[in-house]
Novice: 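Here you go, one structure.
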Amino acid sequence: MQTLTAVAHRGDPYRFPENTLDSLRSALARGADAVEVDVRLTRDGVPVLLHDESLKRLWGHDRPLRSLTAEQVRELTGGRVPTLEDALAATDGSRVMIDLPGGPGPRAVARIMDVVRACGARERAYYCAGAEAMLAVRAADASAEIALTWTSLAPPRAGLLAAVRPRWLNYRFGLVDRELAARVHRDGLLLSVWTPDTRRSLRRLAALGVDSITTNRVDVLCALRGAGARRTRR
């Protein structure tokens, strides 16, 4: 498990609300190599950390994010929904995997990437989502690091891979077996998976040779990785 990258899914959501600064800091303190965050735009074009389309599930307000300004979001959540700028500052040089839910268009993607650049975080940020969003990322930055999320056992078409030029293929963990892992690596790509949380699943995926695991239990993954490294040194 020595080379396995441990990515904290929305931070440390078993201890703090997901996609909050407390959650991100907790995950990094527990050994995460990177944190995964979900980024959407407010009505006035401010990138903030929120997975859902609305504030209902986490914050109790049935208000679509796209109908709210960043200031309104701050007021409704007591300041607990951070901006992307705040999140990049709080992660203090650590890697950040930026998920782009909801199928953002090219303008929204470009706005998010502009903030990453303005924060001096371009070298430590990488992006994940489906093909359309990742094509927009590639159009905005020829050297951006991309983890193309793929939900089918059929491999991505060669033309799509040539256009997106991902470093990673990012699969739901239940799809991954030894044959798929071998195929991804044979194609010269790294394999990222999401979001296993049990020790059994984490061990299975590590044994398959996946390169990165995004999990809600990053402390468990880091403990297993550490145990594996100790056994290897003996």
Side-chain angles (χ1 to χ4, degrees), residues 7-13 16-27 34-92 94-142 144-149 151 164 170 194-195 214 216:
V7 182
H9 186 239
R10 307 176 193 170
D12 194 2
F16 298 95
E18 66 186 50
N19 282 319
T20 60
L21 298 184
D22 286 340
S23 191
L24 304 184
R25 290 179 179 125
S26 178
V35 291
E36 182 265 1
V37 298
D38 303 285
V39 179
R40 293 176 180 266
L41 295 187
T42 61
R43 190 181 76 199
D44 51 343
V46 177
V48 298
L49 272 56
L50 190 71
H51 175 269
D52 301 352
E53 293 182 355
S54 81
L55 300 179
K56 184 176 181 179
R57 176 174 62 91
L58 282 181
W59 307 106
H61 300 285
D62 195 6
R63 303 281 299 277
L65 181 67
R66 65 177 180 271
S67 71
L68 301 169
T69 65
E71 178 60 23
Q72 288 172 321
V73 172
R74 189 191 68 77
E75 292 173 353
L76 289 169
T77 65
R80 300 196 71 191
V81 171
T83 64
L84 176 58
E85 182 178 357
D86 290 339
L88 292 172
T91 52
D92 193 25
S94 297
R95 294 267 283 163
V96 180
M97 186 181 198
I98 298 176
D99 195 358
L100 302 174
R107 287 186 180 180
V109 170
R111 171 62 183 144
I112 290 165
M113 297 179 74
D114 283 345
V115 170
V116 171
R117 279 190 287 267
C119 291
R122 185 170 169 271
E123 297 304 316
R124 63 184 176 96
Y126 60 121
Y127 301 87
C128 70
E132 186 175 350
M134 294 302 95
L135 284 167
V137 168
R138 178 57 68 222
D141 185 345
E145 183 176 346
I146 287 175
L148 175 62
T149 298
T151 57
V164 174
N170 188 39
W194 47 279
T195 37
T214 302
N216 294 299

Novice: If you take all heavy atoms of P17 and S23, which pair is closest and at what distance?
Specialist: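 Taking P17 first and S23 second, the nearest heavy atoms are O-CB, 3.2 Å.
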Novice: Can you find a pair of side-chain heavy atoms, one from N216 and one from R10, that are under 4.5 Å apart?
Specialist: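 N216 vs R10: side chains apart.
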Novice: Determine which pairs satisfy side chain to side chain donor-acceptor pair (under 3.5 Å) with at least one residue from residues 127-137, sequence neighbours left out, and list them in order.
Specialist: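 Pairs touching residues 127-137 that pass the test: none.
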Novice: Under the side chain to side chain contact (heavy atoms under 4.5 Å, CB included) criterion, do V164 and V137 qualify, and how do the steps go?
Specialist: CA-CA 8 Å; V164 174; V137 168; over 6 Å; no
Novice: Of all the heavy-atom pairs spanning L21 and A87, show the shortest one and how long it is.
Specialist: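 L21 and A87 have their closest heavy atoms at CD2-CA, 3.7 Å.
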Novice: Can you give me the closest heavy-atom contact between A27 and V35, atom names plus distance?
Specialist: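 That would be CB-CG1, 4.2 Å.
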Novice: Applying side chain to side chain contact (heavy atoms under 4.5 Å, CB included), name anything that partners R74, two or more places apart in sequence or on another chain.
Specialist: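 By the side chain to side chain contact (heavy atoms under 4.5 Å, CB included) rule, R74 matches E71.
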Novice: List the steps, then state whether side chain to side chain contact (heavy atoms under 4.5 Å, CB included) holds for L76 with W59.
Specialist: CA-CA 8 Å; L76 289 169; W59 307 106; over 6 Å; no
Novice: List the atom of V109, the atom of A133, and the distance in Å for their closest heavy-atom pair.
Specialist: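 Answer, listing the atom of V109 first, then A133: CG2-O, 4.3 Å.
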Novice: So, using side chain to side chain contact (heavy atoms under 4.5 Å, CB included) as the criterion, who are the partners of D62 when residues are at least two apart?
Specialist: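 Once residues adjacent in sequence are excluded, the partners of D62 under the side chain to side chain contact (heavy atoms under 4.5 Å, CB included) criterion are S54, K56.
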Novice: How many angstroms lie between CD1 in I146 and CE in M134, if you round to the nearest 0.5 Å?
Specialist: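 That separation rounds to 6.0 Å.
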Novice: Please check if the side chain of E36 supplies one atom and the backbone of A8 the other of a donor-acceptor pair under 3.5 Å.
Specialist: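 Checking the backbone N and O of A8 against the side chain of E36, no donor-acceptor pair under 3.5 Å is found.
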Novice: Tell me which donor-acceptor pairs under 3.5 Å the side chains of residues 39-49 have, and how far apart each pair is, sequence neighbours excluded?
Specialist:
unit_1, atom_1, unit_2, atom_2, d
R40, NE, H51, O, 2.9
R40, NE, D52, O, 3.1
R40, NH2, H51, O, 2.9
T42, OG1, D44, OD1, 2.5
T42, OG1, V46, N, 3.0
T42, OG1, V46, O, 3.4
R43, NH1, S67, O, 3.2
D44, OD1, A70, N, 3.0

Novice: Quick one: CG on L65 to CD on Q72, what's the gap to the nearest 0.5 Å?
Specialist: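 L65 atom CG to Q72 atom CD measures 10.5 Å (nearest 0.5 Å).
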Novice: Are more than 12 heavy atoms, taken from residues, nucleotides or ligands other than R107, located less than 6.0 Å from that residue's CZ atom?
Specialist: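 Open.
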Novice: Side chain of H9, backbone of T195: donor and acceptor closer than 3.5 Å?
Specialist: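 Judged by distance alone, no pair lies under 3.5 Å.
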Novice: Once rounded to the nearest 0.5 Å, what's the spacing between atom CG of D38 and atom CG of L84?
Specialist: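 Interatomic distance, D38 CG to L84 CG, rounded to 0.5 Å: 11.5 Å.
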Novice: Under the criterion side chain to side chain contact (heavy atoms under 4.5 Å, CB included), I'd like the reasoning laid out for L58 against V81: C-alpha separation, chi angles, the key distance, then a yes or no.
Specialist: CA-CA 10 Å; L58 282 181; V81 171; over 6 Å; no
Novice: How far apart are the closest heavy atoms of P13 and E18, and which atoms are they?
Specialist: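 Nearest pair, atom of P13 first, then E18: CB-CB, 4.2 Å.
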Novice: Could you tabulate the donor-acceptor pairs under 3.5 Å formed by side-chain atoms of residues 95-102, not counting sequence neighbours?
Specialist:
unit_1, atom_1, unit_2, atom_2, d
R95, NH1, E145, OE1, 3.0
R95, NH2, E145, OE1, 3.3
R95, NH2, E145, OE2, 2.9

Novice: Enumerate, atom names and distances included, each donor-acceptor pair closer than 3.5 Å involving a side-chain atom of residues 114-125, sequence neighbours excluded.
Specialist:
unit_1, atom_1, unit_2, atom_2, d
D114, OD1, R117, NH2, 2.7
R122, NE, D141, OD2, 2.8
R122, NH2, D141, OD1, 3.1
R122, NH2, D141, OD2, 3.4
R122, NH2, S143, OG, 2.3
R124, NH1, T91, OG1, 2.9
R124, NH1, S94, O, 2.8
R124, NH2, L88, O, 2.6

